[in-house]
**Q** 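Quick one: this structure, given as structure tokens, is what I'll be asking you about.
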Amino acid sequence: MISAQAWADTRRLWDYHQMGHTVRPCSVAVGLGSHDLGVADAAVALYKRGMAPLLVFTGATSATTRIRMPRGEAVHYRERAIELGVPSSAVLVEPRARNTGENVRFSKALLEEAGVEVSSVLLVSKPYEERRAYATARKAWPGVEIISASTPMTLNEYADSIQDARLVIDMLVGALQRLLIYPDQGFMIEQRVPADVLEAYERLCREGFTSRLLTTDKPST
């Protein structure tokens with residue numbers, strides 16, 4: 001059972017991970033590959049609202065997506081977008097990236113090669129990875145405005161969609177650890193972590209929600 005305190009602490013992390021950006025029209029929307037097709041759905045919704053004239057989906061495969069997305073995360077995202085009515089001419093695919101840093105760098109290079117001028121980016125991710133994606137993009141793609149976006153949903157709704165509340169907590173804890181340690185490693189800009197969020201993170205670590213914490217000296221961004 002997950003205690004009331006642990007769930008309250010998780011909610012603090014959830015709220016912190018979301019940037020709360022106001023979505024507005026940008027040069028391009030970049031959907032970061034993952035196990036979650038909801039990222040593609042969110043990017044398509046933004047496209048249909050006129051928030052971006054072009055979609056870029058980025059991502060290879062990983063241990064968690066190899067079976068569900070054998071052709072690669074970006075390819076499956078593109079197929080989903082076309083299924084939802086986006087013309088193929090409005091979708092670019094970056095199929096090599098294996099971490100968030102590569103998602104950003106490789107997408108930037110793809111757009112440069114395609115001759116697309118970019119002054120602003122809608123960076124579409126899972127809800128709990130908005131801040132991590134933003135901090136990474138600000139480091140790897142200087143000179144453009146970054147607006148973080150995701151599927152609007154509550155923590156409870158997200159946990160219900162994953163159907164594993166403990167795993168959700170582990171993922172939020174792991175995402176916060178990266179925000180704490182990656183700036184010193186040059187992977188992202190530093191983000192201020194409020195004291196109450198840091199205390200919640202530390203309590204959750206002590207409670208054993210640690211399966212997504214890094215234990216090596218060579219993390220994957």
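Fair warning: this is a prediction, and the values are worked out from it, not measured in the lab.
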**Q** Other than F106, which residues form its hydrophobic cluster under the rule that side-chain heavy atoms must be closer than 4.5 Å?
**A**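 Cluster partners of F106: none, it stands alone.
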**Q** Which heavy-atom pair separates Q18 from M153 by the least distance, and what is that distance?
**A**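 Scanning both residues completely, I find the closest heavy atoms to be NE2-O, 4.1 Å.
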**Q** Taking all atoms of both residues into account, what is the closest heavy-atom pair of T58 and E94, and its distance?
**A**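 Where T58 meets E94 most closely, the heavy atoms are OG1-OE1, 2.5 Å.
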**Q** Which pairs pass salt bridge (Lys or Arg N to Asp or Glu O under 4.0 Å) with one or both residues in residues 29-50, sequence neighbours excluded?
**A**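 Found D41-R80.
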**Q** For L123, which of V30, V28, T136 qualifies under side-chain contact (heavy atoms from CB on, under 4.5 Å)?
**A**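 Going through the options one by one, the only one that passes is V30.
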**Q** May I ask you to decide if the ring planes of W14 and Y158 are parallel, tilted or perpendicular, using 30° and 60° as cut-offs?
**A**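 Answer is tilted, since the angle falls between 30° and 60°.
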**Q** Does any pair with a residue in residues 109-124 pass side-chain hydrogen bond (donor to acceptor under 3.5 Å, both in side chains), and if so which ones, sequence neighbours excluded?
**A**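 Listed once each, the pairs are S27-S119, K108-E112.
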**Q** Do you know the tightest heavy-atom contact between F57 and A43?
**A**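 Residues F57 and A43, closest heavy atoms: CE2-CB, 3.8 Å.
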**Q** G208 and D170: which non-hydrogen atoms are nearest, and at how many Å?
**A**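 So the two residues come closest at O-OD1, 4.5 Å.
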**Q** What are the two closest non-hydrogen atoms of M171 and Y128, and how far apart are they?
**A**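 M171 and Y128 have their closest heavy atoms at SD-OH, 3.3 Å.
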**Q** What are the two closest non-hydrogen atoms of V56 and S107, and how far apart are they?
**A**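 For V56 and S107, the tightest heavy-atom pair comes out as CG1-OG, 3.8 Å.
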**Q** Can the positive tip of R166 be found less than 6.0 Å from the middle of the six-membered ring of F209, inside 45° of the ring normal?
**A**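 Output yes; distance and angle both within limits.
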**Q** Under the salt bridge (Lys or Arg N to Asp or Glu O under 4.0 Å) definition, can you give me all pairs with a residue in residues 137-155, not counting sequence neighbours?
**A**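 Non-adjacent pairs meeting salt bridge (Lys or Arg N to Asp or Glu O under 4.0 Å): R24-E145.
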**Q** What's the verdict on side-chain contact (heavy atoms from CB on, under 4.5 Å) for W141 and V118, showing C-alpha distance, side-chain angles and the deciding distance?
**A** CA-CA 10 Å; W141 203 341; V118 177; 3.8 Å; yes
**Q** Report the residues that fulfil side chain to side chain donor-acceptor pair (under 3.5 Å) with Q191, sequence neighbours left out, ordered by chain and then residue number.
**A**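 Applying side chain to side chain donor-acceptor pair (under 3.5 Å) to Q191 gives R131.
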**Q** What's the verdict on side-chain contact (heavy atoms from CB on, under 4.5 Å) for I169 and L167, showing C-alpha distance, side-chain angles and the deciding distance?
**A** CA-CA 5 Å; I169 300 175; L167 175 60; over 6 Å; no
**Q** Is it true that Y134 and H21 have ring centroids separated by less than 6.0 Å?
**A**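 Yes, they do, as the ring centres are separated by less than 6.0 Å.
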**Q** Please list every donor-acceptor pair under 3.5 Å in which a side-chain atom of residues 195-206 meets a protein atom from a residue at least two apart or in another chain.
**A**
unit_1: R203; atom_1: NE; unit_2: D9; atom_2: OD1; d: 3.4
unit_1: R203; atom_1: NE; unit_2: D9; atom_2: OD2; d: 2.9
unit_1: R203; atom_1: NH2; unit_2: D9; atom_2: OD1; d: 2.7

**Q** Do the side-chain N and O atoms of Y182 and T100 include a donor-acceptor pair separated by under 3.5 angstrom?
**A**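 Absent: no donor and acceptor within the cut-off.
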**Q** For E130 and S125, what are the C-alpha separation, side-chain angles and deciding distance, and is it a side-chain hydrogen bond (donor to acceptor under 3.5 Å, both in side chains)?
**A** CA-CA 6 Å; E130 279 193 18; S125 66; 5.7 Å; no
**Q** Within the side chain of R178, is there an N or O that forms a donor-acceptor pair under 3.5 Å with the backbone of G174?
**A**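 Judged by distance alone, yes, a pair lies under 3.5 Å.
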